Protein chains: 2
Amino acid sequence: MRKNSQLSRVLHILVHLNKSDQPITSAAFANMLKTNAVVVRRIMGMLRNAGYVLSTNGRNGGWVLNKPLDNISLLDIHQALGESTLFNIALTDEHQHCPIEKSVNRELQDVLQEVEALVLQKFSAISLDKIANH
Amino acid sequence: MRKNSQLSRVLHILVHLNKSDQPITSAAFANMLKTNAVVVRRIMGMLRNAGYVLSTNGRNGGWVLNKPLDNISLLDIHQALGESTLFNIALTDEHQHCPIEKSVNRELQDVLQEVEALVLQKFSAISLDKIANH
DNA sequence: ATAACTGTAACAGTAAAAGTTACATGTTAA
DNA sequence: TTAACATGTAACTTTTACTGTTACAGTTAT
């Protein structure tokens with residue numbers, strides 16, 4: 001599975017945004033992240049929908065923060081991005097009636113869910129200004 | 001990226017193997033897992049290299065356990081399979097000189113490493129006979 | 001008007017995992 | 001000793017999630 005880099009990228013963007021007193025364009029971020037402006041709009045669109053940033057059209061337009069970084073947690077961003085699965089481990093479901101498969105899945109799922117909850121808890125305790133001032 | 005189902009599959013296989021007093025063929029497992037015999041051999045080959053199973057050729061051949069399940073932990077299997085990364089989260093490295101990227105990566109990596117260590121610890125505490133008798 | 005923005009649909013590219021084919025090699029039963 | 005049944009493995013194709021690209025409609029400042 002190809003790894004998901006949206007979280008990492010959007011954090012990078014947000015901290016840069018925080019340091020700017022004027023809008024920054026998708027093209028500028030694309031250049032910064034060595035990717036494409038459409039990719040940036042795709043990610044940032046999710047944050048806009050969640051209320052963390054605003055976009056303005058036209059000349060001198062671009063992206064601005066809509067909340068102070070100390071009011072945004074890593075968990076907020078993770079959730080705004082759609083909470084893609086954290087783990088790279090698949091549970092099989094070829095034979096849902098097979099008691100062994102069920103048992104294997106239950107055991108793996110127990111561990112993964114427990115750990116996922118821990119990740120989310122840790123994410124919630126990290127505010128973006130902590131990253132910005134790191 | 002497609003998720004890795006090797007761990008789930010191989011656990012299923014091992015518990016079935018444990019219940020059998022004679023070798024089981026790759027074709028039988030492939031049928032069980034709704035996949036291909038070569039896929040099974042690929043996975044099982046890694047376990048054989050690690051000493052957890054034995055394979056025998058020819059008629060009446062197939063796979064047998066080489067260790068009791070209560071002597072094998074989830075961690076053992078995870079490691080025998082090559083310890084593929086648990087997380088689906090990528091850290092970017094376009095601009096290794098950018099202090100913001102560094103800061104973002106450090107923060108994410110701290111959390112992920114801490115949690116990965118916890119997963120491995122939990123895996124080490126789960127023996128396969130626990131799954132078998134679940 | 002036009003240049004500079006975003007929004008988004010509709011594709012193509014990439015890479016990891018899984019699936020498939022083909023064939024060499026080893027083993028056992030009759 | 002031969003035929004059937006196993007594994008071993010290389011080489012290739014398919015699948016899938018993510019990312020990248022192109023194209024164009026809509027919006028805004030000058």
Side-chain angles (χ1 to χ4, degrees), chain A residues 1-10 12-13 17 20 22-50 53-64 66 81-94, chain B residues 1-10 12-13 17 20 22-49 53-64 66 78 81-94:
Chain A
M1 200 159 147
R2 203 169 176 180
K3 289 191 170 187
N4 187 315
S5 62
Q6 291 188 345
L7 183 59
S8 175
R9 283 173 156 181
V10 85
H12 195 165
I13 287 177
L17 259 190
S20 173
Q22 49 189 336
I24 303 181
T25 67
S26 301
F29 284 132
N31 188 55
M32 186 178 87
L33 298 173
K34 290 183 180 156
T35 178
N36 192 286
V38 176
V39 173
V40 173
R41 291 193 192 110
R42 212 135 63 185
I43 304 174
M44 295 299 281
M46 293 189 277
L47 293 198
R48 187 192 52 231
N49 294 340
V53 294
L54 294 177
S55 59
T56 52
N57 271 346
R59 188 180 287 231
N60 299 328
W63 300 93
V64 292
N66 192 33
L81 292 178
E83 306 197 66
S84 63
T85 331
L86 290 175
F87 293 103
N88 192 26
I89 293 181
L91 302 187
T92 58
D93 58 346
E94 296 94 12
Chain B
M1 205 169 14
R2 208 166 172 178
K3 284 192 171 189
N4 188 316
S5 61
Q6 291 187 345
L7 183 60
S8 175
R9 283 174 154 178
V10 85
H12 195 166
I13 287 177
L17 260 189
S20 174
Q22 50 189 335
I24 304 180
T25 66
S26 302
F29 284 132
N31 187 57
M32 187 179 89
L33 298 172
K34 290 183 178 154
T35 180
N36 191 286
V38 176
V39 173
V40 173
R41 290 191 193 111
R42 213 135 60 184
I43 305 175
M44 295 299 281
M46 293 189 275
L47 293 198
R48 187 193 53 231
N49 293 340
V53 294
L54 295 176
S55 60
T56 52
N57 273 347
R59 188 178 288 232
N60 299 330
W63 299 92
V64 293
N66 193 34
H78 173 67
L81 292 178
E83 304 199 68
S84 62
T85 329
L86 289 174
F87 291 104
N88 192 24
I89 293 181
L91 302 187
T92 59
D93 57 347
E94 296 95 10

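This structure is a prediction, so every number in the text was calculated from the model and none was measured. Naming convention: chains lettered A, B, ... in sequence-line order (proteins, then strands); numbering from 1 in each chain.
- Relative to the side chain of Arg41(B), the nucleotides dT9(D), dA29(C), dC5(C) differ in distance, and dT9(D) lies closest.
- Within the structure, a side-chain polar atom (N or O) of Asn60(B) is placed less than 4.0 Å from OP1 or OP2 of dA29(C).
- Partners of Ser20(A) under the side chain to side chain contact (heavy atoms under 4.5 Å, CB included) rule, at least two apart in sequence or in another chain, are Gln22(A), Ile24(A).
- Between Ser5(A) and the phosphate of dT19(D), there is a side-chain N or O to OP1/OP2 separation shorter than 4.0 Å.
- When distances run from any side-chain atom of Asn36(A) to the nucleotides dG19(C), dA17(C), dG20(D), the shortest one goes to dG20(D).
- With sequence neighbours excluded, no residue forms a side chain to side chain contact (heavy atoms under 4.5 Å, CB included) with Asn60(B).
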Show me the protein contacts with nucleotides 26-28 of chain D, counting only N or O atoms at under 3.5 Å.
| residue | atom | partner | partner atom | Å |
| --- | --- | --- | --- | --- |
| dT27(D) | O4' | Asn57(A) | ND2 | 3.1 |

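- Put simply, the residue from Val10(A), Leu33(A), Thr35(A), Ile13(A) that forms a side-chain contact (heavy atoms from CB on, under 4.5 Å) with Ile43(A) is Val10(A).
- Looking at residues two or more places apart in sequence or on another chain, you find a side chain to side chain contact (heavy atoms under 4.5 Å, CB included) between Ala27(B) and Thr25(B).
- Contacts of Ser55(A) classified as side chain to side chain contact (heavy atoms under 4.5 Å, CB included), with partners at least two apart in sequence or in another chain: Arg48(A), Trp63(A).
- Under 4.0 angstrom from either OP1 or OP2 of dG20(D) there lies at least one side-chain N or O belonging to Thr35(A).
- In this structure, Leu86(A) atom CG and dA17(D) atom C1' are separated by 16 Å, rounded to whole Å.
- Per the geometry, CD1 belonging to Ile89(B) stands 15 Å off C1' belonging to dA17(D), to the nearest Å.
- For Gly45(B) and Arg9(A), each mapped to the nucleotide of DNA chain D holding its nearest heavy atom, the one lying further toward the 5' end belongs to Gly45(B).
- Residues passing the side chain to side chain donor-acceptor pair (under 3.5 Å) test with Ser5(B), sequence neighbours excluded: none.
- Phosphate contact (OP1/OP2 of dC5(C), side-chain N/O of Ser55(A), threshold under 4.0 Å): absent.
- Rounded to an integer number of Å, the gap from CD1 of Ile43(A) to C1' of dT8(C) is 15 Å.
- Closest approach of Ala37(B) to Ala30(B), counting heavy atoms only: N-CB, 3.4 Å.
- Distance CG (Asn49(A)) to C1' (dG7(C)): 11 Å, rounded to an integer number of Å.
- At least one side-chain nitrogen or oxygen of Ser26(A) sits closer than 4.0 Å to the OP1 or OP2 atom of dT6(C).
- The CG atom of Asn66(B) sits 11.0 Å away from the CG atom of Leu47(B) when rounded to the nearest 0.5 Å.
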Where do N or O atoms of nucleotides 11-15 of chain D meet protein N or O atoms at under 3.5 Å, pair by pair?
| residue | atom | partner | partner atom | Å |
| --- | --- | --- | --- | --- |
| dT15(D) | O2 | Arg2(B) | NH1 | 3.2 |

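- Between the side chain of Ser26(A) and the backbone N or O of Val40(A), no donor-acceptor pair lies under 3.5 Å.
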